[in-house]
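All values below were derived from every heavy atom in this structure, side-chain atoms included, with hydrogens, water molecules and symmetry-related copies excluded.
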Amino acid sequence: MDDETICVTKAPVVFDGYDSLTAPVCRASTIPFSDAEAYSSRFERGDDGYVYGLYGTPTHRYLEHKVNALARGQRTVLVPSGQAAVAFAMLSVLEAGDHVLIPDSVYPPVRDFAERDLRRIGIEPTFYDPRVEEVLSELVTENTRLVWIESPGSATMEFQDVARIVEIAHARGALVGCDNTWATPLLFKPLEHGADLSVEALSKYMGGHSDVLMGSITVRDPGLGTRIKATLGRMGVGVSPDDCYLVLRGLETLSVRLQRSGEVAYGLAKWIAQQPVVDRVLHPAFEDCPGHAIWKRDFTSANGVFSVLLRAEAVPHVHAALDVLDAFVIGASWGGTKSLVVPMTIRQHRTTVPWTGPDLILRLSIGLEPEEVLKQDLERLFTALEHRMSETPDMADEQAIGE
Ligand SMILES: *Cc1c(COP(=O)(O)O)cnc(C)c1O
């Protein structure tokens with residue numbers, strides 16, 4: 001063979017006798033066909049067939065299979081982020097003139113997507129109170145095609161009764177989709193409670209190492225799965241097999257990471273709740289967490305992500321005080337090996353249920369560091385807050401001094 005042909009031709013490597021405990025990374029845009037007839041009939045290969053890199057290689061099938069099996073679904077499709085999973089789940093089932101119900105506590109970029117993009121193409125979103133399933137009986141209209149659930153709500157941790165929502169929605173002919181990112185299929189399986197679509201931001205716990213963005217949509221009805229896959233293909237949406245490999249690698253340790261970060265988080269949450277600068281901790285195992293009884297009934301456990309509400313007087317000092325943190329990193333996303341903290345504002349993201357608490361929530365994502373290291377770090381934060389609060393007397397004190 002001449003040099004130039006050798007350069008562009010696959011080597012005759014034998015696979016017989018080779019195996020591995022992990023999924024191979026199969027990269028391809030072009031899939032070669034044995035003859036022109038096979039090429040011409042390529043779209044008859046079905047949803048799992050290999051046709052073109054965009055529609056997936058064996059590496060994609062490995063990950064689709066695992067996510068699908070964990071979610072107890074009939075088909076899973078992969079998309080480039082969790083946000084894409086929510087957006088494409090909605091776009092795949094909604095059309096102009098349809099109405100969609102979305103919880104007021106939804107992941108804020110999803111609210112933005114609904115307000116800007118869904119509205120622009122003639123789909124009407126209504127935001128509902130996630131704490132009262134029964135409000136849906138009145139909100140579901142003839143045009144309601146989809147009821148969206150995110151349980152628990154981003155940052156404010158409202159757990160929703162999926163079975164009850166499914167009952168109300170299905171009685172009126174609407175589908176139910178659930179963003180299950182917080183739980184992962186290990187802690188809760190929305191499809192087993194009647195939901196039609198379950199989405200995951202694989203970027204969070206399932207990928208688990210803060211180095212990959214991906215999302216998945218899993219459905220119970222194979223026909224719906226085929227339609228979603230076709231829509232994604234027409235929109236040109238696909239993911240890299242290298243990224244699939246990273247998520248597959250992450251999945252292998254998902255159960256121990258969830259368990260360990262969940263245990264450490266629960267211990268820390270109990271301790272944090274006793275600190276003088278803290279008003280309230282939103283952790284599902286606490287009885288005052290919104291929807292605690294639903295969590296206890298439906299979820300197998302809690303993970304390492306929970307929220308801290310500080311006393312109102314501490315709020316103005318939070319940004320400056322966060323500088324003292326050393327073990328905790330300030331940054332978006334969660335579910336990785338490294339502990340994270342983010343200050344989140346809530347009021348601007350609520351339109352149905354006005355947020356009456358302090359307009360700042362600290363969301364913690366506990367990683368795999370020792371509990372003691374994280375506790376010492378938080379102790380520094382709380383001390384810094386107390387210090388700053390005592391240096392700046394509040395209005396009442398100033399008045400007292402003036403008089
Ligand atoms: C992070 C997150 C998403 C978006 O995931 P990305 O992969 O970061 O786009 C969607 N839903 C929830 C509940 C999330 O926490």
Side-chain angles (χ1 to χ4, degrees), residues 71-77 82 85-107 110-111 113-115 117-119 121-154 156 158-183 185 188-200 215-228 231 290-291 293-295 297-299 351-353:
R72 309 285 191 266
Q74 289 299 322
R75 176 158 297 280
T76 293
V77 296
V86 180
F88 285 118
M90 291 185 176
L91 286 175
S92 299
V93 300
L94 296 170
E95 55 189 74
D98 282 348
H99 175 233
V100 54
L101 283 158
I102 299 173
D104 208 30
S105 49
V106 75
Y107 180 63
V110 170
R111 171 186 290 275
F113 168 73
E115 290 284 15
D117 302 291
L118 290 183
R119 258 190 219 290
I121 56 176
I123 297 158
E124 173 77 19
T126 300
F127 295 89
Y128 69 91
D129 185 343
R131 301 163 309 178
V132 199
E133 288 75 24
E134 300 313 316
V135 296
L136 289 168
S137 302
E138 276 146 46
L139 294 173
V140 178
T141 67
E142 253 177 37
N143 297 343
T144 308
R145 177 78 182 127
L146 178 68
V147 178
W148 196 251
I149 294 174
E150 183 183 318
S151 182
S154 277
T156 41
E158 298 88 344
F159 283 83
Q160 299 188 257
D161 189 339
V162 175
R164 179 68 189 125
I165 293 172
V166 164
E167 205 176 353
I168 298 170
H170 283 181
R172 311 286 284 273
L175 295 169
V176 175
C178 183
D179 184 336
N180 195 48
T181 299
W182 184 86
F188 183 64
K189 299 186 198 296
L191 301 187
E192 288 199 325
H193 297 258
D196 303 284
L197 304 100
S198 177
V199 312
E200 302 284 348
S216 63
I217 308 170
T218 303
V219 295
R220 240 163 9 112
D221 168 14
L224 178 59
T226 297
R227 287 203 298 283
I228 293 178
T231 302
I294 294 166
W295 170 76
R297 184 191 71 190
D298 292 348
F299 288 60
T351 50
T352 304
V353 196

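Under the 4.5 Å side-chain criterion, counting only non-hydrogen atoms from C-beta, I294 is in contact with E133. Counting only heavy atoms from C-beta outward, the side chains of D104 and P130 approach each other to under 4.5 Å. Side chains of T231 and F88 form no contact here, defined as non-hydrogen atoms less than 4.5 Å apart. Counting heavy atoms from C-beta on, the side chains of I228 and R75 never come closer than 4.5 Å. F299 has its side chain within reach of S151: a pair of non-hydrogen atoms, C-beta onward, lies under 4.5 Å apart. Put simply, the side chain of L101 reaches to within 4.5 Å of the side chain of T144, judged on heavy atoms. Counting only heavy atoms from C-beta outward, the side chains of T126 and H99 approach each other to under 4.5 Å. Looking at L146 and I102, their side chains never come closer than 4.5 Å, going by heavy atoms from C-beta outward.
Ring to ring, F159 and W182 are close: their centroids are under 6.0 angstrom apart.
The backbone N or O of S92 sits nowhere less than 3.5 Å from a side-chain atom of R227 that would complete a donor-acceptor pair. Side-chain atoms of R172 come within 3.5 Å of backbone N or O of V140 as a donor-acceptor pair. Proximity of a side-chain donor or acceptor of R111 to a complementary backbone N or O of V106 within less than 3.5 Å is not detected. Without hydrogens or angle criteria, S198 side chain to L191 main chain gives no donor-acceptor distance under 3.5 Å. Formation of a donor-acceptor pair under 3.5 Å by the D196 side chain with backbone atoms of L175 is not found in this model. The main-chain N or O of Y107 is found under 3.5 Å from a side-chain atom of E150 such that the two form a donor-acceptor pair. Side chain of D298 to backbone of F188: no donor-acceptor contact under 3.5 angstrom is found.
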Verdict with supporting geometry, Y128 and E138, side chain to side chain contact (heavy atoms under 4.5 Å, CB included) = CA-CA 11 Å; Y128 69 91; E138 276 146 46; over 6 Å; no
Just do the side chain to side chain contact (heavy atoms under 4.5 Å, CB included) check on I149 and N180 with the steps written out, would you?
-> CA-CA 8 Å; I149 294 174; N180 195 48; over 6 Å; no
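What you find for E95 and I123 is that their closest heavy atoms are O-CG1, 3.4 Å. The minimum heavy-atom distance linking A195 with V166 is given by the pair N-CG2, 3.7 Å. Heavy-atom minimum distance, G194 versus H170: O-CE1, 3.4 Å. What you find for P190 and V162 is that their closest heavy atoms are O-CG1, 4.3 Å. Minimum interatomic distance between V86 and D179 (heavy atoms only, all atoms of both residues): CG2-OD2, 3.8 Å. Shown here for A174 and V147, the closest heavy-atom pair between the two residues is CB-CG2, 4.4 Å.
Residue R131 qualifies as open at atom CZ: its count of foreign heavy atoms under 6.0 Å is 12 or below.
Expressed to the nearest 0.5 Å, how far NE2 of H193 lies from CZ of R297 amounts to 8.0 Å. Remark: S137 OG to R164 CZ distance equals 5.5 Å, nearest 0.5 Å. Here L197 contributes atom CG and S216 contributes atom OG; the two are 11.0 Å apart, rounded to the nearest 0.5 Å. Remark: E192 CD to R220 CZ distance equals 10.5 Å, nearest 0.5 Å.
T141 and N143 share no donor-acceptor pair across their side chains, judged by distance under 3.5 Å alone.
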